[in-house]
Amino acid sequence: MSINLSSLNKQQQDAVTYCDTPLLVIAGAGTGKTKVIIHKIAYLIEELQIDPKNILSVTFTNKAAKEMKLRLNAIIGNKAEQVWMGTFHSICLRILRKEAHNLPLKKGFGIIDQDDRLSALKNIVKELNIDHKKYPPKQYLWMISNFKNSMDYVENKDPDDFIHKFTDVFTAYQKYLEFTNMMDFDDMIAYTVRILLTNDSLRKFYQNIFQYILVDEYQDTNYIQFMFLKLLNGDTGKICVVGDDDQSIYGWRGAEIRNILDFDKHFKNVKTIKLTVNYRSTPDILFAANTLIANNNFRKGKELTTAFGKEQESLLKNGTGNIAIGECHDEIHEAKMVVDNIEDLLKENVAPNEIAVLYRTNAQSRSFEVELNKRNIPYKVIGGVSFYSRREIKDILAYLKLIDNPYDVDALKRAAKNPPKGIGNVIIQKIIDYASSNAVDLLEALNATQNFSKGKTARCLQSFENTLNNIMGEEKIADKIKAILKSTGYNTYLKQFEEQNEAAKRINNIEELINAAAIFDENSSDYDLSDFLATTTLTTSADEETEKSVSLMTLHSAKGLEFHSVFLTGLEEGLFPLFRAMENEMELEEERRLCYVGITRAKKKLFFTYTNTRMVYGKRQFSSPSMFVEEIKHCIPSSESDNEVSQNTSELKANTKVFHQKYGDGIILNVKGNGEKAKVDVFFREAGLKKMLAESLEIL
DNA sequence: CGCACGAGAATTTTT
DNA sequence: TTCTCGTGCG
């Protein structure tokens, strides 16, 4: 069977078929990079006869992996199932489960989520008598994460005392993880890299397995992830990374934009292919995006841009009037304006799930929720409190975690207390102490403690033990959960202590959890509880389905998605960009890239809003329009300069006097290419020589 | 042990 | 504004 590449353009075809040396694909927003990756995998399998189980494809989210598998399936059928496809974390976990004997943990290790990590550190900070106001546990969490993403940790070196008593905190934290038999997110990757680095035969083994590696969203990988790829790939050159430096928005959590900028230095004989034809947005939306991002200096390609080619010429004719800016009095007015527009769109039969409201911070979702509720428009808040970190879900999972990993102290605490069953901190501590001094697991310790106790305490412990036994007695995970509910009377407890509405919601969530478990049960023959729990911690609400609702989410969560209509809200100085980012050029540029990501999510319609005042922590504050609004203002029809600019750029010649939003007056030195994509060297009166795209200039 | 209450803090983005 | 944490009482 051969793969049909006729639906791909030349650039895309080149990217698919080039497999000789390391390949860097710079793929602008909406240029069909997923299509390229899928076709490339199909090409590797069908044309180059590579076994699907020897292909590794790394994606940024589980959702992306799932989608890719589905689309790949459509081309090559169920061979798609055998491809290693997932996030760095899920792939590393899969490796680590197999290589558990090479780890400092016991076989059935658990995974600690971010919340539990923080509370563990809170306890440690308290135990070490550190002033938690002066040195917030969050700070330590962040530092630990940083350290674990360095080669020092991978190479098992001790950390420096970065901040007050860091070494002590770190040591205590590691001890805690070891005692509870858990690893954190960072460990998943660091341990894998450590194993690959130190164990030659294992490295060769996996190098042999992964005969071709593909990586999506490469601009958001960090150094350790790069090492992972490097070690797996060896010198084979059988690797293809895809990304867009203009969409790098995770620098704050250690993403290394240099990974993509320096790819050709990290690998030998790198071939670079750029995808520059945008298939997503109308020309004016694209123009706005290009105009905005042209204000950034740190870009791989000042010469690279998304552009529209012949395919979209028809769009050019009616490709304007799709952008609007709305000025609002406050966030309530903003919500009304946005929802008014949403109603109009719905009347025009735009599907609800083709509409997204985007904002910088999660806190901004509230006013939109209120307004959408009022008008009975179904919506879904993506992100925020993820499904699996909701209280009721964590409660139920605690029971499962405890029986899965009977060293998980937090699970014990949580299960023992929720719902309340007469077991308090004192007894729990006794159990933990017994476990640690007798080197047994918590379940054994629980049993022993029960035997020592008398009266009410003994009875309470007995009943707790019975509950756990009931759970273990069930085979299917869905049945285990039902056993928890039944044995603890969890629903009754909710109804008793929560408001009606709240209780109903939570019970509903639990139903959803049971469904998820049932689906998992169906798909895996051996009811693997560890696997199920891993899924729950690795899955965030970004992976949830949106169905027939309008989507509300942060700009970060919007990455990789597209919508018919997009509302970019809260474009105010200090909010977007955030104040703290405004002082530092690198951070400011990341904010601008974030805005660029937002704009390029829109296919047909784009609405910007900003307010004059906004409630911040219960205080009303004045706000002014974001600099980003200024930067794209002249791309919007209502403002006088209109889109003539884009027409005029085709007339550009050397010595033309021009004006630029940021640099002011200048004169063109030379022009390369033509039309929107033309690259020009401009000498500015104030700013000196700059290379830029013609479209970011106005002719004077 | 477990609840209720009050003070105080925190607010960026997430695999 | 909203959540978290600590304290004190039944």
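Letters A, B, ... are given to chains in the order of the sequence lines, protein chains preceding strands, and every chain is numbered from 1.
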Quick one: label A/Ile189 by what it contacts on the DNA or RNA (base, sugar-phosphate, nothing), any heavy atom closer than 4.0 Å.
->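 Nothing, no heavy atom under 4.0 Å.
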
Taking the six-membered ring for Trp, are the ring centroids of A/Trp252 and A/Tyr250 within less than 6.0 Å of each other?
->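 Yes.
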
Distance alone, cut at 3.5 Å: any donor-acceptor contact between the side chains of [X] and [Y]?
X	Y	answer
A/Asp408	A/Thr180	no
A/Gln450	A/Glu465	yes
A/Tyr596	A/Gln247	no

Has [X] got a side-chain N or O lying under 4.0 Å from the OP1 or OP2 atom of [N]?
X	N	result
A/Thr554	B/dT12	no
A/Lys122	C/dT4	no
A/Ser90	B/dT15	no
A/Lys138	B/dT11	yes

Can you find a donor-acceptor N/O pair under 3.5 angstrom joining the side chain of A/Gln114 to the base of B/dT15?
->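 Answer yes: a donor N or O sits under 3.5 Å from an acceptor.
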
Return yes if the base of B/dT13 and the side-chain atoms of A/Arg360 contain a donor-acceptor N/O pair under 3.5 Å, otherwise no.
->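 By the distance-only test, yes, there is a pair.
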
Any idea which of B/dT15, B/dT14, B/dC3 is nearest the A/Pro420 side chain?
->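 Side chain of A/Pro420 sits closest to B/dC3.
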
Per A/Thr87 side chain, nearest of listed nucleotides B/dT15, B/dT11, B/dC1 |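 That would be B/dT15.
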
Nearest whole angstrom, please: distance from the [atom2] of [N] to the [atom1] of [X].
X	N	atom1	atom2	value
A/Tyr617	C/dT4	OH	C1'	16 Å
A/Lys421	B/dG2	NZ	P	9 Å
A/Tyr191	B/dT15	OH	P	22 Å
A/Asn418	B/dC1	CG	C1'	14 Å
A/Met553	B/dT14	CE	C1'	15 Å
A/Ile224	B/dT15	CD1	P	20 Å
A/Asn362	B/dT12	CG	P	10 Å
A/Asp115	C/dC3	CG	P	14 Å

Inter-nucleotide C1' distance (C/dC5, B/dT12), Å rounded |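 So the two C1' atoms sit 23 Å from each other.
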
Want to settle it: does A/Glu591 or A/Ala416 sit nearer the 5' end of DNA chain B, counting the closest nucleotide to each?
->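 Comparing both residues, the 5'-ward one is A/Ala416.
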
Map A/Glu587 and A/Lys417 onto DNA chain B by nearest heavy atom, then report which one ends up closer to the 5' terminus.
->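 Of the two residues, A/Lys417 wins.
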
Per-pair stack call [X] and [N], 5.5 Å, 30°:
X	N	answer
A/Phe185	B/dT15	yes
A/Trp252	B/dT13	yes
A/Tyr250	B/dT14	no

Establish, for the pair A/Arg97 and A/Phe109, whether the NZ or CZ atom is under 6.0 angstrom from the six-membered ring centre and no further than 45 degrees off its axis.
->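 Here A/Arg97 passes the 6.0 Å and 45° test against A/Phe109.
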
Is it true that the NZ or CZ of A/Arg194 lies under 6.0 Å from the centre of A/Tyr153's six-membered ring and within 45 degrees of the ring axis?
->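 Flagged: A/Arg194 positioned over aromatic ring of A/Tyr153.
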
Please tabulate the protein-to-nucleotide N/O contacts below 3.5 Å involving nucleotides 4-9 of chain B, giving atom names and distances.
none

Salt bridge check: are A/Asp395 and A/Arg414 linked by an N-O gap of less than 4.0 Å?
->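 Counted as a salt bridge, because a side-chain N and a carboxylate O are separated by less than 4.0 Å.
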
Electrostatic pair A/Glu331-A/Arg620, nearest N-O below 4.0 angstrom =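 Yes, A/Glu331 and A/Arg620 are salt-bridged.
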
